[in-house]
Amino acid sequence: MKIYDELVARGLIAQVTDEKEIAELVNSGKAVFYIGFDPTADSLHVGHFMALSLMKRLQEAGNKPIVLIGAGTAMIGDPSGRTDMRQMMSVETIQHNSECFKKQMSRFIDFSEGKAIMVNNADWLMKLNYVELLREVGIHFTVNRMLTAECYKNRMERGLSFLEFNYMIMQSYDFLELYRKYGCNMQFGGDDQWSNMLTGTELIHKKLGENVYAMTITLLLNSEGKKMGKTQSGAVWLDAEKTSPFEFYQYWRNVADSDVLKCIRMLTFIPLEEVATMEEWEGSELNRAKEILAFELTKLVHGENEAQKAQAAAKALFVEGSGEDENTPSTSVTMQEFGEGMSILDILTLTGLAASKSEARRLVEQGGITVNGEKIDSKDAVLEKAAFENGYALIRKGKKVYHKLTIG
RNA sequence: GGAGAGAUGCCCGAGUGGCUAAAGGGAGCGGACUGUAAAUCCGUUGGCUACGCCUACGAUGGUUCGAAACCAUCUCUCUCCA
């Protein structure tokens, strides 16, 4: 199967400017394409991962990727798909985030011997002269057309600052710049980037009379239509410090039945023939697919070793029910602190399992706390030294959260 | 610059003098069911040295026995006009 067909089969392609041309360029390994990443946080997330995977797939097919770090565009802030304005970021933050991005990216993309290049649009955007830019680029944009762009639609009601309005122009300029410098003939990005990418191709066409192309990646939505890769507490990060490999694994292990196969197709590199056999699975059989998804992704992001550990930890918790594992979070108290015994409420707040004593009390009252497999049924319960026979006491909150307490 | 509207708990949103730690919904948390899923059902959701106390309805000050609510000033947001 040719690479382009594979991308289609995996459901990765959302919109293209010229399918025939793009398919041909990509299949023959002649594409020089870029994807921009604005350093808006100190770690990449799942959305970035999809873009990087796409890069990897195309790179393996012989195409040349350009990673664009958007330190310059981050100074402005992309209004696409947002209902409110982004908070302005300081130059220092952007700098720091850019470094974090760079570090994480080398894990996915091979930058050796000209196989891929990384550039930073701050290098040219920051030097721009306002009047010159207006005359060179601004002349090719009509405000009427810009205002009809999809990405501004939901901002027309709440207000769109002039600062953000210019984001599109900056991104288009990037494309032009990369075309001139590196012969970049294609831009890929998230589907919310479509308008910004289109205007880039138009700018190049108007300015230089050359045809370049744009293609967007399908947004990963779950069956309820919500963006995946988000939890209540925020994004699922690729940085192990921000989202531990275990949490990362668990996130994918717990996707809804209706989303597993889609995720496998879109996010992993498992051959489509193999995926086809999984499509037969139904009901609880899908748990196997979820395990595969979780394992594969954790492996891609954190490495095989971490993936093994995460899987082992999950099995220990849910299959064997022991809950004990070397990766279980733990807290240690000193002999003095512990004294003759410690109340369960103090332990819960100390370990962070409960944010306050009131919450701890509630948890106990509702039967959500277990110590060493025994349910705590009184909020006055006190843990004594006998509970530490194995060297630690294993506290469980709810069904899935475990914590070890040691004295020492 | 002119006219008007608004700011309530994690979010949305009711409340216009005491019955309000503040309706309802969403989200979260715990429980039941289960497949570490979804759906559903039940409970719960400011804190504490806890039948009481403290802190809270943008900020500050005031009126009152008593304020989220009334008044004044301030800050911010939005809408319309220029």
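Everything quoted here is computed from the prediction, not taken from an experiment. Lettering of chains follows the sequences in order, A, B, ..., and the numbering in each one begins at 1.
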When the distance from [atom1] of [X] to [atom2] of [N] is rounded to whole Å, what number comes out?
X	N	atom1	atom2	result
A/Asp377	B/rG31	CG	C1'	15 Å
A/Asn254	B/rU36	CG	C1'	5 Å
A/Lys397	B/rG30	NZ	C1'	9 Å
A/Leu353	B/rC29	CG	P	13 Å
A/Arg253	B/rU36	CZ	C1'	5 Å
A/Arg396	B/rU36	CZ	C1'	12 Å
A/Gln250	B/rU36	CD	P	11 Å
A/Phe318	B/rU36	CZ	C1'	5 Å

Check your understanding: Which residue, A/Glu359 or A/Asn287, contacts RNA chain B at a nucleotide closer to its 5' end, judged by nearest heavy atom?
Key ->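 Looking at the nearest nucleotide for each, A/Asn287 comes out on the 5' side.
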**Study point:** Residue whose nearest RNA chain B nucleotide is more 5′ - A/Thr349 or A/Leu363
**Key:**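 Closest to the 5' end, via its nearest nucleotide, is A/Leu363.
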It should be established whether [X] places a side-chain nitrogen or oxygen under 4.0 Å from OP1 or OP2 of nucleotide [N].
X	N	answer
A/Lys400	B/rC29	no
A/Ser358	B/rC48	yes
A/Arg362	B/rG47	yes
A/Lys399	B/rU34	no

**Study point:** Salt bridge A/Glu132-A/Arg135, side-chain N to carboxylate O under 4.0 Å
**Key:**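 Between A/Arg135 and A/Glu132 there is no salt bridge, as every charged N stays at least 4.0 Å from the carboxylate O atoms.
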**Study point:** Under 3.5 Å donor-acceptor pair, A/Gln366 side-chain atoms to B/rG31 base atoms
**Key:**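 For A/Gln366, whose side chain was compared with the base of B/rG31, there is no donor-acceptor pair (under 3.5 Å).
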Check your understanding: Taking the six-membered ring for Trp, are A/Phe108 and A/Phe49 ring centroids under 6.0 Å apart?
Key ->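 That pair passes the under 6.0 Å test.
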Point to revise | Within the 6.0 Å centroid threshold, strictly below: A/Tyr34 and A/Tyr179 | key: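 Not close enough - the centres of the two rings lie 6.0 Å or further apart.
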Give none if [N] has no partner; otherwise give the nucleotide forming a Watson-Crick or G-U wobble pair with it, both distances under 3.5 Å.
N	answer
B/rA67	none
B/rG24	B/rC12
B/rU40	B/rA32
B/rC53	B/rG47
B/rA5	B/rU77

Check your understanding: Using atom P of each nucleotide, how far apart are B/rC29 and B/rC81 to the nearest Å?
Key ->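 About 46 Å, rounded to a whole number of Å.
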**Study point:** Any side-chain donor near an acceptor of the partner, A/Tyr249 and A/Glu306, under 3.5 Å
**Key:**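 Absent: no donor and acceptor within the cut-off.
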Review point. So what does A/Val260 touch, heavy atoms closer than 4.0 Å: a base, only the sugar-phosphate, or nothing?
Key: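 No contact.
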Check your understanding: Ignoring hydrogens and geometry, is there a side-chain-to-backbone donor-acceptor pair from A/Lys115 to A/Asp110 under 3.5 Å?
Key ->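 Judged by distance alone, no pair lies under 3.5 Å.
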Point to revise | Where the chi angle of B/rC51 falls, syn if within 90° of 0 and anti if not | key: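 Syn conformation for B/rC51.
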Check your understanding: Any cation-pi pair here, A/Lys404 with A/Tyr392, using under 6.0 Å and within 45°?
Key ->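 Cation-pi check for A/Lys404 and A/Tyr392: passes.
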